[in-house]
Visitor: 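Quick one: this structure, given as structure tokens, is what I'll be asking you about.
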Amino acid sequence: MSDIDRLVERVERLLLRYEELQRTNELLEQQLASVTAERDSLRSRLSAARARIDALIDRLPETVTLAAPGSETADSSAGTPRKGGGA
């Protein structure tokens, strides 16, 4: 095989490889566009969810009184206060 034949073969292989890389690059660009669109959609959904949570938080009463453990509570069945949770 002559030097020119080897050179032609190498150039042809380089052209094939270049075309493969171009196709791969196009596919990667499509995937990137898809993932970017999905990310933007998820960001938008997250922002909407945060806004809904903030609205729900704003609707909560300012102060919530919780009975401390061991404090006296009214026993609705007997009508008398009892201490703790024992019977």
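Side chains are part of it too, since the values below use all heavy atoms of this structure and drop only hydrogens, waters and symmetry mates.
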Visitor: Quick one: salt bridge (charged side-chain N to carboxylate O under 4.0 Å, His left out) partners of Arg6, sequence neighbours excluded?
Guide: Asp3
Visitor: Does atom CD1 of Ile4 have more than 12 heavy-atom neighbours, drawn from other residues, nucleotides or ligands, at distances under 6.0 Å?
Guide: no
Visitor: Sequence neighbours excluded, which residues qualify as salt bridge (charged side-chain N to carboxylate O under 4.0 Å, His left out) partners of Arg13?
Guide: Glu9
Visitor: Going by side-chain heavy atoms closer than 4.5 Å, which hydrophobic residues are tied to Ile53, directly or by a chain of links?
Guide: Ile57
Visitor: May I have the list of side-chain donor-acceptor pairs in residues 24-43 shorter than 3.5 Å, sequence neighbours left out?
Guide:
from: Thr24; atom 1: OG1; to: Glu20; atom 2: O; distance (Å): 3.0
from: Asn25; atom 1: ND2; to: Glu29; atom 2: OE2; distance (Å): 3.4
from: Thr36; atom 1: OG1; to: Leu32; atom 2: O; distance (Å): 2.7

Visitor: Can you name the side-chain hydrogen bond (donor to acceptor under 3.5 Å, both in side chains) partners of Asp5, sequence neighbours left out?
Guide: Ser2
Visitor: Under the 4.5 Å side-chain heavy-atom rule for ILVMFWY, direct or indirect, which residues accompany Leu16?
Guide: none
